[in-house]
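Below, each value reflects all heavy atoms present in this structure, side chains not excepted, and no hydrogens, waters or symmetry copies. What you see is a predicted model; the values in this text were computed from it and never measured. Residue numbers start from 1 in every chain, and the chains themselves are labelled A, B, ... in the order their sequence lines are given, proteins ahead of strands.
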Amino acid sequence: MVNFDTFNFHLDLDSLPWIMKLNIVFALFFLSLAIIFFISIIWIRIFKIYRNEKKRKQQSLLIDFLNSYLFDEDFDKELEIKNFKENHLRTSLEIKVTIKEILHFHENLKGESAKDLETLFNKLGLVEFTLLDLEDGRWFTTARAINALSELCIEVPNHRIEAYLNESRNEVRQQSQLYFLKLAEEQPLKFLDKTVRPLTTWQQIYIENALKNFYKGPAPDFSQWLYHDLTSVVEFSIRMIARYNQFENIPELIPFLKSKNDTLKREAISSLTNLEHIALLELIIPNFKGNSRIIKLEILNSVEQLGNYEDLKKIGDQLATTDWELRIKYHNIELGFLPEKKELIYSQFMLEKRFEI
Amino acid sequence: MKKILVIEDNPMVIKSLEFKLTKDGNNVMVAHDGREAMKLLKDNEFDLILTDLMLPFVTGNELISYIKKNTPNTPIIVLSTSTQENIIMDAFNMGVDDFITKPFSPNELSLRVRRLLNKN
């Protein structure tokens, strides 16, 4: 039989040993931490559900509003815009969702509808909000604001965007570069004059893509940036000279064949090859041996595209016997020049490899 | 009233197409993926089909083959983001009547739909 007197739960803290007191303090501390953590999770979850629900409602309202605005001839545009502005653009969330949805529509539509959306963006007063976002200070808000301005072709004073051309975050720099490219009517790369941070590979790809797909004016003369302080800008300009077939700039590229900077030298060889400048081979073959491997590979590419078997043989004497990567490349090109001697060259190559001649 | 089937997975594009084509006086039905489209095609007859090429479950090309096999006279317009020549050529070789690239002009699309409906 159990004697209930033994279960006396009345705690006399003072009588407990110090280690027990410490245990109780820690237990209470961690228990309260766990409760706070649990409540926070629940609160964040509820807040998120509430926010998502508001977002969903605003989105569905916007889809109807935008479709009516764009396609319904009986839609009283002025009155409806006024009503929408007064009733559905009151909170920051509503404004953000509206901007996002207009951008989404603009992405998928073109022609008159796209122009109508640009007008609507203005009429709803979203430009002012975007300009506030621009100076928000957080990089992602700034990048998003610049993106909205460039997507909707909204022109703002140049100095407001120029300030972000040399931002520390790549994304902000990239968006400001795209802004200038998309809105330019001429001289789309003028922003390069004010660029002091190197162009990343992605930025170079985006700039090239925007030049091809968005810019409608005359192609810029890329030689104006051949003496820019940044290697990446010079490299990009050399490449673009070839992409845009600017043959008149060939003399400007020749000095780069003597450049101490391998990146620029390689780009110059590659561009002159793409421009099919035959005289290039006379300039690069005699000095083949003194170059780094990356330049040697580029020279071999040029010989393959512009030269003949005689040009290739001039390089053969300068090839180091142990550099297998270059030798394999050399022999592959040789096979292309002499398909009838394919078998012979292959046996010779295998023989040399075997005895490491 | 002409019956049009729109097969598209982008909700925004669906709503816009539905709104515009209904405004033009058509009866529009919507399928959000290839499977749903096949189900609708089994139970209904359409005067025109407007389809994307990148669809969940059944690709646009498979769907076009299916339509051409079962209802060869139904005109098809492809609405796609693809601008690659080979994809456009493949679609025409499969028998589609028109190809519109995204972003698209709703007015232009509406005209093309009307032209094909009148032709048939």
Side-chain angles (χ1 to χ4, degrees), chain A residues 52-53 55-77 80 84 96-121 147-148 150-153 178 182 208-216, chain B residues 1-2 4 6-33 48 50-56 60 77-85 87-88 98-115 117:
Chain A
N52 283 345
E53 184 55 26
K55 249 167 122 175
R56 200 194 51 76
K57 270 189 189 160
Q58 181 77 356
Q59 268 170 344
S60 109
L61 189 82
L62 266 162
I63 287 179
D64 291 340
F65 175 75
L66 291 175
N67 277 321
S68 304
Y69 174 82
L70 292 172
F71 310 125
D72 190 351
E73 282 159 14
D74 304 327
F75 190 71
D76 186 346
K77 288 186 178 176
E80 293 295 337
F84 191 86
K96 274 181 193 162
V97 174
T98 306
I99 293 178
K100 205 174 163 191
E101 212 55 36
I102 291 180
L103 280 175
H104 191 197
F105 264 70
H106 194 269
E107 234 170 65
N108 285 287
L109 302 177
K110 68 175 182 186
E112 207 183 305
S113 306
K115 289 264 172 250
D116 285 346
L117 285 170
E118 287 159 22
T119 314
L120 177 69
F121 194 82
N147 176 265
S150 62
E151 284 295 317
L152 296 164
C153 301
L178 290 179
K182 284 184 179 173
E208 191 184 343
N209 181 50
L211 265 177
K212 272 186 198 158
N213 299 316
F214 299 110
Y215 172 65
K216 302 277 181 276
Chain B
M1 201 180 246
K2 302 282 185 182
I4 298 177
V6 173
I7 313 161
E8 170 66 61
D9 57 345
N10 180 339
M12 180 251 128
V13 177
I14 293 175
K15 282 275 179 188
S16 293
L17 290 173
E18 201 179 359
F19 195 95
K20 177 77 181 155
L21 296 172
T22 310
K23 270 270 155 204
D24 289 348
N26 302 297
N27 174 15
V28 181
M29 287 183 92
V30 172
H32 300 85
D33 58 61
L48 187 134
L50 194 64
T51 181
D52 191 2
L53 285 181
M54 308 273 248
L55 291 165
I77 299 180
V78 171
L79 183 63
S80 169
T81 44
S82 178
T83 50
Q84 283 174 19
E85 198 185 329
I87 293 178
I88 300 175
D98 211 342
F99 196 105
I100 298 172
T101 50
K102 288 183 205 163
F104 66 97
S105 157
N107 291 335
E108 187 190 326
L109 180 124
S110 170
L111 266 173
R112 289 181 190 234
V113 166
R114 220 175 310 152
R115 187 180 61 91
L117 287 174

- Query: Taking all non-hydrogen atoms of both residues, which atom of B:T101 and which atom of B:S82 are closest, and how far apart?
  - Reply: CG2-O, 3.3 Å
- Task: Mind listing the closest non-hydrogen atom pair of B:D9 and B:L55 along with its distance?
- Result: N-CD2, 4.3 Å
- Start with the C-alpha distance between A:E112 and A:K115, add both sets of side-chain angles, then the distance that settles salt bridge (Lys or Arg N to Asp or Glu O under 4.0 Å), and finish with yes or no. CA-CA 5 Å; A:E112 207 183 305; A:K115 289 264 172 250; over 6 Å; no
- With a 4.5 angstrom heavy-atom cut-off, which part of A:L109 approaches chain B: side chain, backbone, both or neither? both
- Query: So which part of A:E107 gets closer than 4.5 Å to some heavy atom of chain B, the side chain, the backbone, both or neither?
  - Reply: backbone
Please classify the contact between [X] and chain A as side chain, backbone, both or neither, with a heavy-atom cut-off of under 4.5 Å.
| X | result |
| --- | --- |
| B:K23 | side chain |
| B:F19 | side chain |
| B:D24 | neither |

- Polar contact flag, side-chain donor to acceptor under 3.5 angstrom, A:S60-A:R56: no
- Message: Heavy-atom pairs under 4.5 Å with chain A - which of B:E108, B:K102, B:K15 has more of them than the others?
- Response: B:K15
- Item | Choice from B:S105, B:P11, B:S16 maximising heavy atom contacts with chain A below 4.5 Å | B:S16
- Straight-line distance of B:I4 CD1 to B:I77 CD1, nearest 0.5 Å: 8.0 Å
- Rounded distance [0.5 Å steps], CD in A:E101 versus NE2 in A:H106: 14.0 Å
